[in-house]
Amino acid sequence: MGKTIRFGVSLDSDLLKKFDKLCEEKSYQTRSEAIRDLIRNALVQKEWEDPDKEIVGILSMVYDHHQSDLSQKLTEIQHDALDVIITSLHIHLDHHNCLEVLILRGTGYKIKETAEKLISTKGVKHGHLSMTTTGEEIL
């Protein structure tokens, strides 16, 4: 980690008030911590844009396990993606609905491709991919 550098930022007073309110709502102790997080988030988002960069993703899906052959279809897609699926968690929400959470690690392209195949499978009620970083390049 490099040394800490101080620099000035010029902002419109109304924008600063909104930023301070956001910092308070998110429990930041200082503006500096909030700015560091904003910069890190931008850098992580930049990582996602490189389809060959190794990233991490969290895929959540809600589906009715009584839907004909749905569980089998999802399992087949997951078996085809063993190179990126690290682990999975399956929870029975009620008599019909299940929540499945997958942790994926691989290239952005492969993670997005796998997530899109799973989410678009007929019978999946909701799916969401949240992508993050391996942390290797974030300070």
Side-chain angles (χ1 to χ4, degrees):
M1 184 175 246
K3 67 178 187 169
T4 300
I5 305 292
R6 295 192 193 306
F7 67 96
V9 177
S10 299
L11 294 176
D12 176 87
S13 61
D14 291 336
L15 181 59
L16 182 58
K17 286 177 189 174
K18 288 181 178 184
F19 183 64
D20 284 342
K21 183 177 180 188
L22 178 68
C23 289
E24 184 179 335
E25 288 171 2
K26 295 194 172 265
S27 300
Y28 282 105
Q29 299 296 311
T30 65
R31 290 176 181 156
S32 293
E33 273 304 315
I35 291 170
R36 281 190 281 272
D37 271 357
L38 290 169
I39 292 169
R40 288 182 193 117
N41 286 338
L43 293 172
V44 168
Q45 190 167 359
K46 182 94 171 125
E47 283 184 28
W48 303 345
E49 294 170 9
D50 181 349
D52 299 319
K53 180 90 175 144
E54 184 180 56
I55 59 172
V56 178
I58 301 95
L59 174 63
S60 60
M61 297 179 292
V62 174
Y63 61 90
D64 182 344
H65 73 270
H66 288 118
Q67 175 97 19
S68 180
D69 297 327
L70 178 57
S71 294
Q72 181 180 343
K73 289 175 187 173
L74 294 175
T75 299
E76 287 174 10
I77 295 169
Q78 290 179 41
H79 282 188
D80 290 340
L82 290 175
D83 55 330
V84 294
I85 297 175
I86 303 299
T87 192
S88 64
L89 172 67
H90 184 94
I91 299 169
H92 303 280
L93 297 172
D94 58 35
H95 185 68
H96 294 280
N97 295 297
C98 294
L99 168 66
E100 192 147 358
V101 179
L102 304 175
I103 307 298
L104 305 109
R105 183 175 184 166
T107 64
Y109 174 81
K110 184 68 175 171
I111 287 176
K112 289 175 186 175
E113 177 186 55
T114 301
E116 288 167 359
K117 284 181 184 176
L118 289 163
I119 291 169
S120 66
T121 302
K122 184 178 179 182
V124 173
K125 293 181 174 184
H126 180 259
H128 179 75
L129 175 63
S130 174
M131 294 169 45
T132 188
T133 178
T134 62
E136 293 175 12
E137 295 184 21
I138 301 298
L139 303 174

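- At most 12 heavy atoms of other shown residues, nucleotides or ligands fall within 6.0 angstrom of atom CD in Gln29.
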For this session: Begin with the C-alpha distance, continue with both residues' side-chain angles, and end with the deciding distance and a verdict on side-chain contact (heavy atoms from CB on, under 4.5 Å) for Asn41 and Gln45.
Result: CA-CA 6 Å; Asn41 286 338; Gln45 190 167 359; over 6 Å; no

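- Screening His126, Lys122, Glu100 against Tyr63 for a side chain to side chain donor-acceptor pair (under 3.5 Å) leaves a single residue, Glu100.
- Between Arg40 and Asp37, at least one side-chain nitrogen of the basic residue sits less than 4.0 Å from a carboxylate oxygen of the acidic one, meeting the salt-bridge criterion.
- Under a hydrophobic-cluster definition in which Ile, Leu, Val, Met, Phe, Trp and Tyr are linked whenever side-chain heavy atoms come within less than 4.5 Å, directly or via other members, Phe7 and Leu16 are assigned to the same cluster.
- What you find for Met61 and Leu102 is that their closest heavy atoms are CE-CD1, 4.4 Å.
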For this session: Could you give me the CA-CA distance, side-chain angles and deciding distance for Lys73 and Glu76, then say whether salt bridge (Lys or Arg N to Asp or Glu O under 4.0 Å) is met?
Result: CA-CA 5 Å; Lys73 289 175 187 173; Glu76 287 174 10; over 6 Å; no

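- Cluster membership check: Ile91 shares its hydrophobic cluster with Val101, using side-chain heavy-atom separations under 4.5 Å among Ile, Leu, Val, Met, Phe, Trp and Tyr.
- Separating the OG1 atom in Thr114 from the CG atom in Asp83 is a distance of 7.0 Å, to the nearest 0.5 Å.
- For Lys125, the side-chain hydrogen bond (donor to acceptor under 3.5 Å, both in side chains) partners two or more places apart in sequence, or in a different chain, are Asn97.
- Across all their heavy atoms, Pro51 and Thr107 have their closest contact at O-CB, 3.2 Å.
- The structure places CD1 of Ile85 at 9.0 Å from CG of Asp80, a figure rounded to the nearest 0.5 Å.
- At a threshold of 4.0 Å, the pair Glu113-Lys110 counts as salt-bridged, since one of the basic side-chain nitrogens sits closer than that to a carboxylate oxygen.
- Across every non-hydrogen atom of Thr133 and Glu47, the tightest pair is OG1-OE1, 3.0 Å.
- Closest approach of Leu99 to Ser60, counting heavy atoms only: CD1-CB, 4.3 Å.
- Glu49 CD to Ile55 CD1: the interatomic distance, rounded to the nearest 0.5 Å, is 11.0 Å.
- In the hydrophobic cluster analysis, where Ile, Leu, Val, Met, Phe, Trp and Tyr join through side-chain heavy atoms closer than 4.5 angstrom, Ile103 is grouped apart from Leu74.
- Residues Glu24 and Lys21 are not in side-chain contact: their nearest non-hydrogen atoms beyond the backbone lie 4.5 Å or more apart.
- In terms of heavy atoms, Phe19 sits closest to Ala34 at CZ-CB, 3.6 Å.
- Leu129 places a side-chain heavy atom less than 4.5 Å from the side chain of Ile111.
- Atom OG1 of Thr132 sits about 12.5 Å away from atom CG of Leu104, to the nearest 0.5 Å.
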For this session: Begin from the C-alpha positions of Glu54 and Thr134 and carry the test side-chain hydrogen bond (donor to acceptor under 3.5 Å, both in side chains) through to its verdict.
Result: CA-CA 7 Å; Glu54 184 180 56; Thr134 62; 5.0 Å; no

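- Under the ring pair (Phe, Tyr, Trp, His ring centres under 6.0 Å) criterion, His90 pairs with His92, not counting sequence neighbours.
- At a threshold of 4.5 Å between side-chain heavy atoms, the hydrophobic network of Ile, Leu, Val, Met, Phe, Trp and Tyr places Met131 and Val84 in one connected group.
- Rounded to the nearest 0.5 angstrom, Asp12 CG and Lys17 NZ are separated by 9.0 Å.
- His96 is linked by a ring pair (Phe, Tyr, Trp, His ring centres under 6.0 Å) to His66, counting only residues two or more places apart in sequence or in another chain.
- Ile77 and Leu59 fall within the same hydrophobic cluster, defined by Ile, Leu, Val, Met, Phe, Trp and Tyr side-chain heavy atoms under 4.5 Å apart, directly or through other members.
- Note that CG of Asp20 and CG of Leu15 are 9.5 Å apart. Values are rounded to the nearest 0.5 Å.
- Other residues, nucleotides and ligands place more than 12 heavy atoms under 6.0 Å from the CD atom of Glu25.
- In terms of heavy atoms, Leu118 sits closest to Val124 at O-CG2, 3.4 Å.
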